[in-house]
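A quick write-up on the structure given underneath.
So that the names make sense, note that chain A is the first sequence line, chain B the second, and so on, each numbered from 1.
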There are 2 protein chains.
Amino acid sequence: MNRKVSAITTEIFPSEMRTSLGRNLTYGMLDVIGRAIVIGEYDNVAFPTEAELARKHGVSRAVTREAVKMLTAKGLLSARPRQGTIVQPQSSWNLFDSDVLHWLLERKFSVELLRHFNQLRVAIEPEAAALAAIQATDAERTAIGAGLARMVAAEAGADNTLAADIAFHVAVLEGSRNPFYKQFRDMVASALATSIHFTNRIKGRTASIEDHRAVYDAILARDSDGARCAMRRLIGDVLVLIGEAEATAST
Amino acid sequence: MNRKVSAITTEIFPSEMRTSLGRNLTYGMLDVIGRAIVIGEYDNVAFPTEAELARKHGVSRAVTREAVKMLTAKGLLSARPRQGTIVQPQSSWNLFDSDVLHWLLERKFSVELLRHFNQLRVAIEPEAAALAAIQATDAERTAIGAGLARMVAAEAGADNTLAADIAFHVAVLEGSRNPFYKQFRDMVASALATSIHFTNRIKGRTASIEDHRAVYDAILARDSDGARCAMRRLIGDVLVLIGEAEATAST
DNA sequence: AAGTCAGATAGATATGATAATTGCGTAAAC
DNA sequence: GTTTACGCAATTATCATATCTATCTGACTT
């Protein structure tokens, strides 16, 4: 075995390997196995043993074990001697892990998942905006304004719409000065990236800038309740669209 | 090395080893290293190499690597050749991982952390109650009622107050029928366990039962807004207490 | 029927060797 | 003097193998 590891890695895990993960065999295995679990490949079949996994992917058992341990840490697997490695029920997966989130989103586009996303956002972001109105530093308020400015620029084609939208919402989360709210950064980014195609198809986003500006103005004015309501309206609108889509799809 | 592993494990990680983690050396290492990181033991010193960690704790490098990989999966560490293993900034820790959460809480009782906890709860739980009012199944409504009944029983000394409180709030989260909300189960349990000593010290919880009943009644009546408001009042009260405690502590 | 023990299975651990990566210092080149 | 090239060394990454430990199964015993 005198070939370069990177060559082997790219051979085993060709293109779909996420760049946010490392380039090691271990991370490659993590990605491959994690995605397979999320897809449901092992839903009705027994999960292979470590030895089988290692052999199937042509890597050592040490690498396999490290990948399995990482998936255990993320709540997807559990391992016991003699019983083997088993896939945990989805309720114990750590859905706020960005890897798990990515695997879930790559699996399939599901309006239901999008609704669950935005049902969470409608709880988190208005409250984050309310906190930001009270507690954000000047720098953080500036960042929120910069996000809004990017959205305006994107409207004129001078910036990326999605990136600008994400920047705004992330800035609000940062402004909450609460580490738990900041954790939702990846989640919101994923939700926006997923929903932008969806919402754009249904309804023009022209009104969106004004809605975002209302949030910004309230935060600047240190109007906590105003910020909460404005943000709630913003996300509530998306939620209504999703609800309508689900209703028409089921009839 | 012909001694039993369990003996070595209990020797290295005597009593403080959490039972939710496995009894293996790997999980013991995970717990010990994770706690040390959260405590801040490596804040201003270089993180040891794998070989040093293994030697210091008297385990093999394989075990050490698996523990490090799990901590990497939880966002606490990152490892690169030549650079070594380094502790990630707290912003990239996965705070919704129950291990990380436990380590954080064991570190020190911090009113600030408690406030951050409840600032999140005041976003999540009212919305969960609102969703539950609309979407919960009969069985889930029954579970919420059972939680309330346990609280009443606890009032009379026939049940554990904390366990009953947790059961009620978890039942509401389950009733939301949204997997993301269900993820907050551990978080809410930890928050309640941490805050019960705090709030009990300040103010009797006699009014609490009525507040909880208001939530339950609104959910039963399928009154979404009523459930949201009732739950918001419940947690908002705690938040006010925490704010007062912080204010008096700083003066 | 209940308890006990042997075998089999699969993860857990240890160990030693080798490969890959990359920060850093030094020398060469411009 | 500055930049580039190159090689050393440190550290993680990987592999291979052997042994240990936990636990299920089933046969055997009482």
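Proximity of B:Thr85 to the phosphate of D:dT11: no side-chain N or O atom is located under 4.0 Å from OP1 or OP2. Between A:Thr49 and C:dT9, a side-chain N or O to OP1/OP2 separation shorter than 4.0 Å is absent. The side chain of B:Ser60 places an N or O atom within less than 4.0 Å of a non-bridging phosphate oxygen (OP1 or OP2) of C:dA14. B:Lys69 has no side-chain polar atom (N or O) that falls below the 4.0 Å cut-off from OP1 or OP2 of D:dT12.
Summarising the geometry, the separation between CD on B:Glu66 and P on D:dT12 is reported as 16 Å, rounded to the nearest angstrom. Computed from coordinates, the B:Leu77 CG to D:dT12 C1' distance equals 13 Å when rounded to whole Å. Between the CZ atom of A:Arg65 and the P atom of D:dA16 there is a distance of 16 Å, given to the nearest Å. Protein atom CG of B:Leu53 is 12 Å distant from nucleotide atom P of D:dT11, rounded to whole Å. A:Glu50 has its CD atom 14 Å from the C1' atom of D:dT21, to the nearest Å. Going from atom CE of B:Met70 over to atom C1' of C:dA12 covers 13 Å, rounded to whole Å. As a whole-Å value, the separation of A:His57 NE2 from D:dT14 C1' is 17 Å. We find that CG of A:Leu25 is positioned 11 Å from P of D:dA16, with the value rounded to whole Å.
In terms of modelled atom types and a separation under 3.5 Å, the side chain of A:Glu125 and the main chain of A:Ile235 share no donor-acceptor contact.
Annotation: the span from B:Leu30 atom CG to B:Asp99 atom CG amounts to 6.0 Å, rounded to 0.5 Å. With rounding to the nearest 0.5 angstrom, the CG atom of B:Asp97 is 10.0 Å from the CG atom of B:Leu104. Here NZ of B:Lys74 is found 14.0 Å from OG of B:Ser92. Values are rounded to the nearest 0.5 Å.
Toward the 5' end of DNA chain C, the nearer of the two residues B:Ala62 and A:Gly84, judged by each one's closest nucleotide, is A:Gly84.
One side chain, B:Asp165 or B:His212, offers a donor N or O that lies under 3.5 Å from an acceptor on the other.
Taking every side-chain heavy atom of B:Ala79 into account, D:dA13 is the closest of D:dA13, C:dT13, D:dT14. You'll find that the side chain of A:Asn24 is closest to D:dA13, out of C:dA14, D:dA13, D:dT11.
A salt bridge between A:Arg35 and A:Glu41 is absent, with no side-chain N of the basic residue lying under 4.0 Å from a carboxylate O of the acidic one.
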What protein N or O atoms touch nucleotides 23-25 of chain C N or O atoms at under 3.5 angstrom, if any, and at what distances?
unit_1: C:dG23; atom_1: OP1; unit_2: B:Arg80; atom_2: NH2; d: 3.1

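Remark: of the listed residues A:Glu66, A:Glu52, A:Glu50, A:Glu50 is the sole one forming a salt bridge (Lys or Arg N to Asp or Glu O under 4.0 Å) with A:Arg61.
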